[in-house]
**Student:** 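Here's a structure for you.
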Amino acid sequence: MISPARLYQLRHQWLRDRSGFELTSSGGDHKAAWPQAAHDFLTEFLPHCQPLNFALLADELARRHNFHRSRAAVAAYVRQHFAQRAPSPKRGPKPRRRWQAGAIGELWQHDSSPHPWWPADHYPVLILTLDDHSRKLVAGSFVRSDTTWDHFAHLRRSIETHGPPACLYTDGLSLFGHRAPADRLDTHSQFQRAFTALGTTHRVAPDAPAKGKIERRFDTFQKRLTSLLAYEKITDYKNANPLLQTQLAWHNQHHVCRTTGFTPNAAWDLALKEKRSHLRPVPAVPLLDLHLALYVQRRLNTDYTLDFLGRSWPISPTARKSVIIVHHPGQRFWVIPHLPDPHNPIWPDVLGCFSL
């Protein structure tokens, strides 16, 4: 009536002292009782934790109650005290080891996931950007639609914080392909045009497993955030994004990668200490305004006005018959006579600037 682990412990004691070894009665259960606050939290949170995620439970116990237990210990406690909510796990496929970049900023994996994060008329979209070397989530945001502009705004925040990476790695099936269903722009040229001007290469993954690091993060957050958002009764973007930032910070600070043996923040700091960084200086704000924008070509009217967004806008006289609109949706737009030179991507002459 003893476990195999206990049997080998007794065998080890006997091998160390065969003559003096003596079997005695067990001392009973030496495990201390869990705090009542931790038990009450599990009672309230488990109905919302679908699918059941022991890693999330362990992290939330540590974050909310400073009560640290391993995933295995949490799983054992839940199966003992909440057996009706802990079905037997199914054996899945073995994980596949992948290569990683040798420096931070060498490759950022970037993707989005429409998902029923909370009840809504249409699926909210989660955008994530991950550094391939350190596994640090450099940016994350909930947005209403999966458009080119939403990705530009998301990536601008990460670039202003860390600087542009050497390479951006995305899929090539929908948003980053040749046509976007939401804004009907040629997103392939828009995306590559913007990041080429910023000195960042754009690579397209041949399939989802090729960018498995970011795909696994979406799987992780789908299992975590849906439960947390339901528990906190959050059903809007205003409150969902602060909760997301809390989870990103927790992941970067506390999640230990099985491959590297470091947390993302620790791997990032170690790479900086060893001068293994391909991140470049943050571009000036006017250059970010110029390149991280939507470009729309318009024909100029004879009275030096152009039609855009349902009205006419006067601009400075020019000999050109068509112009380029540098558009920040819902904010402002500029009118320039021609596309910037990709080899010298600076602002051309500005024929007009308007706030929306």
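This structure is a prediction, so every number in the text was calculated from the model and none was measured.
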**Student:** Let me see the working for V138 and T161 under side chain to side chain contact (heavy atoms under 4.5 Å, CB included), right down to the final yes or no.
**Tutor:** CA-CA 9 Å; V138 296; T161 302; over 6 Å; no
**Student:** Tell me, which pairs form a salt bridge (charged side-chain N to carboxylate O under 4.0 Å, His left out) where one or both residues lie in residues 2-17, sequence neighbours left out?
**Tutor:** none
**Student:** Please examine the side chains of D132 and K213, heavy atoms only from C-beta on, and report whether any two atoms are closer than 4.5 Å.
**Tutor:**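 Heavy-atom side-chain distance check passes, below 4.5 Å.
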**Student:** Find out whether V204 and F191 are in side-chain contact, i.e. whether some heavy atom of one side chain is under 4.5 Å from a heavy atom of the other.
**Tutor:** no
**Student:** Check whether any side-chain heavy atom of L294 sits under 4.5 Å from a side-chain heavy atom of F333, and report yes or no.
**Tutor:**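 No, their side chains stay 4.5 Å or more apart.
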**Student:** Answer yes if the side chains of T196 and H202 hold a donor-acceptor pair under 3.5 Å, and no otherwise.
**Tutor:** no
**Student:** Between F142 and W118, is the ring centroid distance below 6.0 Å?
**Tutor:**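 Yes, the ring centres sit under 6.0 Å apart.
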**Student:** Who pairs with D303 by side-chain hydrogen bond (donor to acceptor under 3.5 Å, both in side chains), at least two apart in sequence or on another chain?
**Tutor:**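 In terms of side-chain hydrogen bond (donor to acceptor under 3.5 Å, both in side chains), with neighbours along the sequence ignored, D303 is linked to T305.
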**Student:** How would you list all residue pairs meeting salt bridge (charged side-chain N to carboxylate O under 4.0 Å, His left out) that involve residues 63-73, not counting sequence neighbours?
**Tutor:**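 Salt bridge (charged side-chain N to carboxylate O under 4.0 Å, His left out) check on residues 63-73 returns E60-R63, E60-R64, R64-E232.
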**Student:** To the nearest 0.5 Å, what is the distance between CG (L228) and CG (N53)?
**Tutor:** 9.0 Å
**Student:** Using links of under 4.5 Å between side-chain heavy atoms of ILVMFWY residues, direct or through other members, which residues join F262 in one cluster?
**Tutor:** L270
**Student:** Does any N or O in the side chain of E106 come within less than 3.5 Å of the main-chain N or O of A101, such that one atom is a donor and the other an acceptor?
**Tutor:** no
**Student:** Using the ring pair (Phe, Tyr, Trp, His ring centres under 6.0 Å) rule, pick out the option among F82, Y231, Y77, F67 that qualifies with F41.
**Tutor:**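 Checked F82, Y231, Y77, F67 against F41; only one passes ring pair (Phe, Tyr, Trp, His ring centres under 6.0 Å): Y231.
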**Student:** Check for a donor-acceptor pair, side chain of D131 on one end and backbone N or O of G105 on the other, with a separation under 3.5 Å.
**Tutor:** yes
**Student:** Contact between F152 and T147 at the side-chain level, heavy atoms closer than 4.5 Å - yes or no?
**Tutor:**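 No, every pair of side-chain atoms sits at 4.5 Å or beyond.
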**Student:** Just verifying a value: how many Å separate L300 CG and L351 CG, rounded to the nearest 0.5 Å?
**Tutor:** 8.0 Å
**Student:** Would you call the rings of H110 and H151 parallel, tilted or perpendicular, where under 30° means parallel and over 60° means perpendicular?
**Tutor:**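 The rings of H110 and H151 stand perpendicular, inter-plane angle above 60°.
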**Student:** For the side chain of N252 and the backbone of N265, is there at least one donor-acceptor N/O pair under 3.5 Å apart?
**Tutor:** no
**Student:** With heavy-atom distances below 4.5 Å as the criterion, would you say the side chains of L287 and P345 are in contact?
**Tutor:** no
**Student:** Donor-acceptor pairs are to be reported for all side-chain atoms of residues 276-285 against protein atoms at under 3.5 Å, with residues two or more places apart or in another chain.
**Tutor:**
unit_1 : atom_1 : unit_2 : atom_2 : d
R276   : NE     : E274   : OE1    : 2.8
R276   : NH1    : G102   : O      : 3.1
R276   : NH1    : H133   : NE2    : 3.0
R276   : NH2    : E274   : OE1    : 2.9
S277   : OG     : L279   : N      : 3.3
R280   : NH1    : L198   : O      : 3.0
R280   : NH2    : P165   : O      : 3.1
R280   : NH2    : L198   : O      : 3.2
R280   : NH2    : G199   : O      : 3.1
R280   : NH2    : T200   : OG1    : 3.1

**Student:** Using the test ring pair (Phe, Tyr, Trp, His ring centres under 6.0 Å), find all partners of H328 that sit at least two apart in sequence or belong to another chain.
**Tutor:** W149, W334
**Student:** I need the single residue from L288, I127, T129, L292 that forms a side chain to side chain contact (heavy atoms under 4.5 Å, CB included) with L155. Which is it?
**Tutor:** T129
**Student:** Enumerate the residue pairs fulfilling salt bridge (charged side-chain N to carboxylate O under 4.0 Å, His left out) with a member in residues 285-299, sequence neighbours excluded, ordered by first and then second residue.
**Tutor:**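 Passing the test, one end in residues 285-299: R156-D289.
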**Student:** Is N239 reaching over with its side chain to a backbone N or O of I234, donor-acceptor style, under 3.5 angstrom?
**Tutor:**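 Pair absent, no side-chain N/O of N239 close to backbone of I234.
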**Student:** Is there a donor-acceptor pair closer than 3.5 Å between any side-chain N or O of Q13 and the backbone N or O of F21?
**Tutor:** no
**Student:** I'd like to know if the side chain of R135 and the backbone of V256 have a donor-acceptor N/O pair within less than 3.5 Å.
**Tutor:**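 Pair absent, no side-chain N/O of R135 close to backbone of V256.
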**Student:** Taking ring pair (Phe, Tyr, Trp, His ring centres under 6.0 Å) as the definition, give me every residue that meets it alongside H338, ordered by chain and number, with sequence neighbours left out.
**Tutor:**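 Testing H338 for ring pair (Phe, Tyr, Trp, His ring centres under 6.0 Å), a comparison that skips the adjacent residues, returns none.
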**Student:** Return the set of residues passing ring pair (Phe, Tyr, Trp, His ring centres under 6.0 Å) with F54 (not counting sequence neighbours), or none when no residue passes.
**Tutor:** none
**Student:** Contact between Y295 and V326 at the side-chain level, heavy atoms closer than 4.5 Å - yes or no?
**Tutor:** yes
**Student:** I want to check something: taking the side chain as every heavy atom from C-beta on, are S145 and D150 in contact at a cut-off of under 4.5 Å?
**Tutor:** yes
**Student:** Just by modelled atom types, is the W250 backbone N or O under 3.5 Å from a matching donor or acceptor in the H254 side chain?
**Tutor:** no
**Student:** Let me have the donor-acceptor pairs involving side chains of residues 220-227, under 3.5 Å, with sequence neighbours excluded, atom names and distances please.
**Tutor:**
unit_1 : atom_1 : unit_2 : atom_2 : d
T220   : OG1    : R216   : O      : 3.0
Q222   : NE2    : S113   : OG     : 3.2
K223   : NZ     : D219   : OD2    : 3.3
R224   : NH1    : D59    : OD2    : 3.1
R224   : NH2    : D59    : OD2    : 2.7
T226   : OG1    : Q222   : O      : 2.7
S227   : OG     : H48    : O      : 3.1
S227   : OG     : Q50    : N      : 3.1

**Student:** Using the side chain to side chain donor-acceptor pair (under 3.5 Å) rule, collect all pairs that involve residues 345-355, keeping only residues at least two apart or in two chains.
**Tutor:**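 Counting only pairs at least two positions apart or across chains, no side chain to side chain donor-acceptor pair (under 3.5 Å) contact touches residues 345-355.
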**Student:** Test side chain to side chain contact (heavy atoms under 4.5 Å, CB included) on R157 and S141 and set out the steps.
**Tutor:** CA-CA 10 Å; R157 291 190 291 271; S141 55; 3.4 Å; yes
**Student:** Check whether the ring centres of H65 and W34 lie less than 6.0 Å apart, and answer yes or no.
**Tutor:** no
**Student:** Working to the nearest 0.5 Å, report the span between CD1 of I315 and CZ of R320.
**Tutor:** 11.0 Å
**Student:** Ignoring hydrogens, what is the shortest heavy-atom contact between G330 and L356? Give both atom names and the distance.
**Tutor:**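 Looking at all heavy atoms of both residues, the closest pair is N-CD1, 3.9 Å.
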**Student:** Taking atom OH of Y123 as the centre, does the number of heavy atoms from other residues, nucleotides or ligands within less than 6.0 Å exceed 12?
**Tutor:**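 Not more than 12 within 6.0 Å, no.
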**Student:** Can you find a pair of side-chain heavy atoms, one from L126 and one from R217, that are under 4.5 Å apart?
**Tutor:**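 Of all side-chain heavy-atom pairs linking R217 with L126, none is under 4.5 Å.
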**Student:** Suppose we screen for ring pair (Phe, Tyr, Trp, His ring centres under 6.0 Å). Which residues come up paired with F218, at least two apart in sequence or across chains?
**Tutor:**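 Not a single residue meets the ring pair (Phe, Tyr, Trp, His ring centres under 6.0 Å) criterion with F218.
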